[in-house]
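Report on the following structure.
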Amino acid sequence: MRVLLLGTAAGGGFPQWNCACRLCKSGATPRSQDCVAISADGKGWYLLNASPDIRSQILSTPVLAAGPGPREIPILGGLLTDAELDHSLGLLMLREAGGGLPIRAPDAVLHALRDCFGMREIIDGYAGWEWLPISSGTTLGSLMVQVLPVSDKHPKYARSSTVDGPWVVAYRIEDPATGGVLVYAPCLKSWPDGFDEFVEGADLVLLDGTFYSPSEMSGATSAGVADGVQHAMGHLPIAGEHGSLARIAASRGTTRWAYTHLNNTNPVLDATSPEHAEVLASGAELPLDGTEFKL
Ligand code: MLT
Ligand code: MN
Ligand code: ZN
């Protein structure tokens, strides 16, 4: 299985257009918004989430180029972990896809995109897309997919919805031909129940790296303390006694752990920072956009 990281930043990307913080002004390597493409045969590709940067991500990724037919595309469908705009707005950018695309997501996510946003009606006005609820397992071509409910974090635009969750899930994707296993978990509120079993034997875990510290959004660069704290609560921080890095450092086996969905406030974005060095020293990775893994 080929795993291509199309984007590795949180909502807004890095640098963020409306931010003049030290990091955004530092010249550290830019990152586009979190999105992954996977393929068993290198010909047909599936998107994991659909970022608002999808157009430039596709155009800068030769294997995702259109052809050989005039309107043929190698993207065969998509899988959403949640209904956040940075993970779903790309679907609007893909509206030109001739016959539409099959999109799999938890029920609550499909509900949000239809009833809270109205995005599905807009997209279906261009072509009939398939919106397929996923709760336990499914297949993407020859790839086998398992689902783990992660949290009920609602997107801001759907905060009043009372539809049952899960609103956020993680995926475990296995290629039976190679035995390669990817776990994609870019939005973790906490270390979920059952997560240790879910990642058992995985070759690669792509993990929520939004914030380095729990207090990050209440620092000098944030717009407001209350909003910051609320925002941080939706994402398990990397550092600290209960952070994800302590879990990774304690884990055994041959699993590679890589952070994605990095927020523009996260000091690990600066490759010369002590925080960046600490993540690497603890056995986790901070891959840039364009990184490919073969599992
Ligand atoms: C999140 O990951 O918490 C969301 O994408 C935040 C947002 O952009 O509204
Ligand atoms: Mn996000
Ligand atoms: Zn910034």
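Any value given below was found using the heavy atoms of this structure, including those in side chains, with hydrogens, waters and symmetry copies removed. We count residues from 1, following the sequence as given. For clarity, every value in this text was computed on a predicted model and none was experimentally measured.
Closest heavy-atom contact between S213 and P237: C-CB, 3.8 Å. Closest heavy-atom contact between D203 and G180: OD2-CA, 3.3 Å.
R31 forms no cation-pi arrangement with F14, by the criterion of a distance under 6.0 Å to the ring centre and an angle within 45° of the ring axis.
The existence of a salt bridge linking R256 and E285 is confirmed by a sub-4.0 Å separation between a basic side-chain nitrogen and an acidic carboxylate oxygen. The pair E84-K153 meets the salt-bridge criterion, with a side-chain N (NZ, NE, NH1 or NH2) lying under 4.0 Å from an Asp/Glu carboxylate O.
For the 3.5 Å distance criterion, the side chains of N49 and Y184 qualify, holding a donor opposite an acceptor. Inspection of the Y259 and T210 side chains reveals no N or O donor paired with an N or O acceptor under 3.5 Å. A side-chain donor from one of T8 and D289 sits under 3.5 Å from a side-chain acceptor of the other. In this structure, a donor-acceptor pair under 3.5 Å is absent between the side chains of H235 and N263. D53 and Q33 share a side-chain donor-acceptor pair at under 3.5 Å.
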*What do the steps show when you test Y212 against T265 for side chain to side chain contact (heavy atoms under 4.5 Å, CB included), and what is the final call?*
CA-CA 8 Å; Y212 183 76; T265 52; over 6 Å; no
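With hydrogens and angles ignored, the 3.5 Å screen pairs no side-chain donor or acceptor of E278 with any backbone N or O of E275.
Ring orientation note: the planes of W167 and H154 are close to parallel, at an angle under 30° on the 30°/60° scale. Note on ring orientation: taking the six-membered ring where Trp is involved, the planes of W191 and F195 are perpendicular (angle over 60°, cut-offs 30° and 60°).
Of the residues V205, L207, T255, the one that meets the side-chain contact (heavy atoms from CB on, under 4.5 Å) test with V199 is V205.
Looking only at side-chain heavy atoms (C-beta outward), L79 and I173 come within less than 4.5 Å of each other. With a 4.5 Å cut-off on side-chain heavy atoms, I103 and E130 do not count as touching. Contact annotation: the side chain of L94 approaches that of I58 to within less than 4.5 Å [non-hydrogen atoms, C-beta and beyond]. Taking 4.5 Å as the limit, some side-chain heavy atom of L143 sits within range of a side-chain heavy atom of M1.
Rounding to the nearest 0.5 Å gives a distance of 12.0 Å between CH2 of W129 and CD1 of I122.
Residues satisfying the side-chain hydrogen bond (donor to acceptor under 3.5 Å, both in side chains) criterion with S88, sequence neighbours excluded, are absent altogether.
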